[in-house]
There are 2 protein chains.
Amino acid sequence: MKKTKDENTEEQILEAAKNVFQSKGMDGARMQEIADKAGINKAMLHYYYRSKQQLFEAVFKNAFSLLAPQLSAVLNDDSSIEDKVKNFTSNYISFIVKHPYLPNFIIQELNRNPDFILKLKDNPSFPNLEKFKIQVNYEVENGIIKPISAEQLFINILALNIFPFVAKPLIMAFTKADDDAYKTLIEDRKTEVANFIINSIKHV
Amino acid sequence: MKKTKDENTEEQILEAAKNVFQSKGMDGARMQEIADKAGINKAMLHYYYRSKQQLFEAVFKNAFSLLAPQLSAVLNDDSSIEDKVKNFTSNYISFIVKHPYLPNFIIQELNRNPDFILKLKDNPSFPNLEKFKIQVNYEVENGIIKPISAEQLFINILALNIFPFVAKPLIMAFTKADDDAYKTLIEDRKTEVANFIINSIKHV
DNA sequence: AAATTTATTAACCATTTGGTTAAACCATTC
DNA sequence: GAATGGTTTAACCAAATGGTTAATAAATTT
C-alpha cells in the first residue's frame, strides 16, 4: 500500500491550504501556517506542489469546481424559470451555508487576478448561459414572465443569493444582527429571495 | 505658508495609498510601491502615518466615509419607498462607476478583519435603518407595497446594486462580455434594477 | 542671520517568507 | 538483508519587507 501515505499527506495539505487560503487569501496566507495546520514540514508543501502559486491554484480550482456545477445545474435543467429560481435559491443558500468562505474567496481572488478566469473558461463544466437565454426569451414571448433580458435576470439571481454571504460583516452591522440573527436572516432568504424574484418577473 | 508642502505630501501619500490598497488589499500592498507612486521616500510614509496599519486605516475610513452618506441619504429622506429605490439605484450605480474599487475594497477588508466595523459603528454618519423600517412597515400596512421585512428589502437593494461591481470578473465571464458590453450591462441596470425591485414589491 | 523646528533622504536593521538542500527515514523489491 | 526509490525533516538561504536612524535640507521663528 504505497499510496495510502502519500495520498493522505497530499490530501491533508490541500485541506489545510483550503482553510488558510480561503480565509486569508493568497497574499495573506503563509506557507508555514499551512504546514502547521497540515501537521507536516514546510518542505512537504513544495514536494507535492512546487510553489505557493501552484498550491493556491489547486485550491482555487477545487473551490470553483464545487461552485460551477451548482450554477450549471440550474442553467441547464428543463424546469420552468419559476421552478428554477425556487430550486436554485433554496439549494444554493443551503450549499453556501456549508461552505461560507467560498463565494468571497472566489470573488476576491478573481478581482486580484482577473486573468485567472481564462484558465477556467475552457473547462467544459464552466456555466453556459445559452440554454437559459433561450428559455427566458421563450417565457417572455409567451407572456409567462415579464420582459427581462436573460443576462440581467441571471445577475439578479446571483446577486440576491450570493451578496448576503459576501457582505456578511456589513449586513450584520447595518441590521444590528448578532450571529444568530444573521443565521435567521439567511434562513429566511431561502424562500424570501425566490418570492422576491418571482413576484418581480411573473406575469399576473 | 507652513502647510502647503506638508499637506501636499500628506495628500499625495494618501492618494497613492488609496490606489495601492484599494487594488491590492492590505496584505498585497507594499509600502515601497506606495512611496514610489507618491514620488517620495519610504520613510515619509512612517513620518506621516506611523505604520502600514495606520496608513491603511486612514484609507479605509476615507473610503467608508464616501460610501456611508450615499446609504444614509436614502435611508433618511422622506420620499416614498418607490422613489427611494429609483433614486438610490440610479445614483448609486453612477457613484460606483466613478469609484469602481470601493465596494470590493470595503467588503474584502471587512471580511479579513470583521472587528474593523466596530470602529465605524460609533460614527454618527453610520447608516441607520430605523426610519426606513418604520416607513416600510407603514407602506406594507397601508397596502402600498407587498409584505416584506425592511431588513430583507434593504439587503435586496444593496445586493442588486453592489454585487455586479464586486463580481465583475465573474459576470464578464458568464455573460461573455468584454469591457464595453459590461459597461452597457451596468448602464442598463440604472433603470433595470429599480424596475425589478418595484415590480416585486409594489401592490397592484 | 542665528536658532529652531519641520520635512526629507539614504543607509541600515531585524524579521519574515517562499523556497532549497542534504541527509535521514521508510517501505518495497530483489 | 542489501539495494532502491519514494517520503520526510532540520537546517539553511536569499530576497523582500516593514520599520528605524542619523544626517541633511528647507522653512519658520526669534
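Every value quoted in this text rests on a predicted model; they were computed, and no experiment measured them. So you know, we letter chains A, B, ... as the sequences are listed, proteins then strands, and number each from 1. In what follows, every heavy atom counts, from backbone to side chain, and hydrogens, waters and symmetry copies are set aside.
Remark: B/Thr9 is in phosphate contact with C/dT8, judged by side-chain N or O atoms under 4.0 Å from OP1 or OP2. The side chain of B/Arg30 places no N or O atom within less than 4.0 Å of a non-bridging phosphate oxygen (OP1 or OP2) of D/dA16. For the OP1/OP2 pair of C/dT20 and a distance below 4.0 Å, the side-chain nitrogens and oxygens of A/Tyr47 include no atom meeting the criterion.
Spacing between atom CD1 of B/Ile34 and atom C1' of D/dT17 amounts to 12 Å, rounded to whole angstrom units. Between A/Glu10 atom CD and D/dT7 atom P there is a gap of 9 Å when expressed in whole angstrom units. In this structure, CG of B/Asn8 is placed 19 Å from P of C/dT6, rounded to the nearest angstrom. Taking atom CD1 of B/Ile40 as the reference point, atom P of C/dT6 lies 19 Å away to the nearest angstrom. C/dT17 atom C1' lies 10 Å from atom NE2 of A/His46, rounded to whole Å. A straight line from NZ of B/Lys24 to P of D/dG18 spans 12 Å, rounded to a whole angstrom. Rounded to an integer number of Å, the gap from CD of A/Gln32 to P of D/dA10 is 11 Å. B/Arg50 has its CZ atom 12 Å from the P atom of D/dT21, to the nearest Å.
Minimum atom distance to the side chain of B/Asn41 is reached by C/dA10, of the listed D/dT7, C/dA7, C/dA10. Closest to the side chain of A/Met31, from the set D/dT20, C/dT8, C/dG18, is C/dG18. Between D/dT8, C/dT9, D/dG18, one nucleotide has an atom nearer to the side chain of B/Lys42 than all others, and that is D/dG18. Checked against D/dT8, D/dT20, C/dT8, the side chain of A/Met44 finds its nearest nucleotide in D/dT8.
Using cut-offs of 30° and 60° for the angle between ring planes, the B/Tyr92 and B/Phe95 rings count as tilted.
The cationic group of B/Lys52 does not satisfy the cation-pi geometry with B/Phe56, failing either the under 6.0 Å distance to the six-membered ring centre or the 45° limit from the ring axis.
Within the 6.0 Å centre-distance limit, the rings of B/Phe174 and A/Phe126 are counted as a close aromatic pair.
Counting any heavy atom pair closer than 4.0 Å across all strands shown, A/Ala29 reaches sugar-phosphate atoms only and no base atom.
Listed here is the closest heavy atom pair of B/Tyr49 and B/Ile13: CE1-CG2, 3.8 Å.
Under the 4.0 Å criterion applied to side-chain N and carboxylate O atoms, A/Lys84 and A/Asp77 are assigned as salt-bridge partners.
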